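Below is one structure, written out as structure tokens, with a few remarks after it.
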Amino acid sequence: MSGAKREENMKKLSVILASLVLALGLVFAAACKEEGAKEQPLEGTYTFESLTYTGEDGTSVTLRAGQNWLVAALTEDTFTFELREDGTATFTVKLVLTVTMDLKWEESEEEGYIDITFDGATEKFPCDGTTISYTYHDVSFGDASVTMKKK
């Protein structure tokens with residue numbers, strides 16, 4: 001594969017991964033919360049820990065911060081989610097391109113979740129003050145699960 005074609009594919013992949021967050025049809029996996037654990041404040045910055053991708057053919061790969069993926073180095077800053085006390089949030093994806101989304105958030109009525117509002121639509125994210133994780137499913141793309149840990 002030529003360098004130009006690889007770069008074009010990486011740009012497309014960056015947009016697809018950023019779209020994972022924008023897609024309001026996300027199916028979120030519940031974050032585990034230990035019994036009796038001290039409740040953590042939800043505000044703060046959550047950074048990339050791992051991504052598990054399962055393709056249409058069933059092939060699965062798990063990538064962690066510090067590993068390389070294709071031509072991109074995955075770092076803790078590849079995905080960041082900042083929840084601020086004023087109810088605003090920022091989600092940033094840094095791969096070939098950097099994509100930043102400004103959001104609104106609030107603690108959900110359902111324990112262990114936060115409600116994220118983007119472009120007028122609200123979705124629930126599992127969040128226990130230490131971890132945010134979610135799973136995305138797309139028939140043509142496959143499944144991707146991302147886990148982010150609080151700094």
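As the structure is a computational prediction, the values presented were derived from the model and not from experiment. The chain is numbered in sequence order, starting from 1.
In plain terms, the two heavy atoms of Gly129 and Leu42 that are nearest each other are N-CD2, 3.5 Å. Nearest heavy atom pair, residue Leu74 against residue Leu63, reads CD1-CB, 3.6 Å. Between Lys151 and Thr47, the shortest heavy-atom distance links the atoms CE-CG2, 3.4 Å. Looking at every heavy atom in both residues, Cys127 comes nearest to Leu83 through SG-CD1, 4.3 Å.
Taking OG1 of Thr131 as the start and CD of Gln40 as the end, the distance is 9.5 Å to the nearest 0.5 Å. Interatomic distance, Leu103 CG to Glu123 CD, rounded to the nearest 0.5 Å: 12.0 Å.
Just one of Thr117, Thr88, Ile116 meets the side chain to side chain contact (heavy atoms under 4.5 Å, CB included) condition when paired with Trp105; it is Ile116.
Between the side chains of Thr147 and Ser133, no donor N or O sits under 3.5 Å from an acceptor N or O. Checked by atom type, the side-chain pair Thr122/Asp115 shows no donor-acceptor distance below 3.5 Å. If you check the side chains of Asp77 and Thr75, you find no donor sitting under 3.5 Å from an acceptor.
Using a distance-only test at 3.5 Å, with no hydrogens or angles considered, a donor-acceptor pair links the side chain of Lys150 to the main chain of Pro41.
The aromatic rings of Phe125 and Phe81 sit perpendicular, their planes meeting at an angle over 60°, well past the 30° parallel limit.
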Would you please test Thr52 and Val61 for side chain to side chain contact (heavy atoms under 4.5 Å, CB included) and show each step? CA-CA 6 Å; Thr52 300; Val61 63; over 6 Å; no
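Qualifying ring-ring contact (aromatic ring centres under 6.0 Å, His included) partners for Tyr46, counting only residues two or more places apart in sequence or in other chains: none.
Ionic pairing of Arg84 and Glu82 is present here: one or more N-O contacts between side-chain nitrogen and carboxylate oxygen are shorter than 4.0 angstrom. Using a 4.0 Å cut-off between a side-chain N of Lys or Arg and a carboxylate O of Asp or Glu, Glu49 and Arg64 do not qualify as a salt bridge.
Residues Thr78 and Glu76 fail the side-chain proximity criterion, which asks for heavy atoms closer than 4.5 Å.
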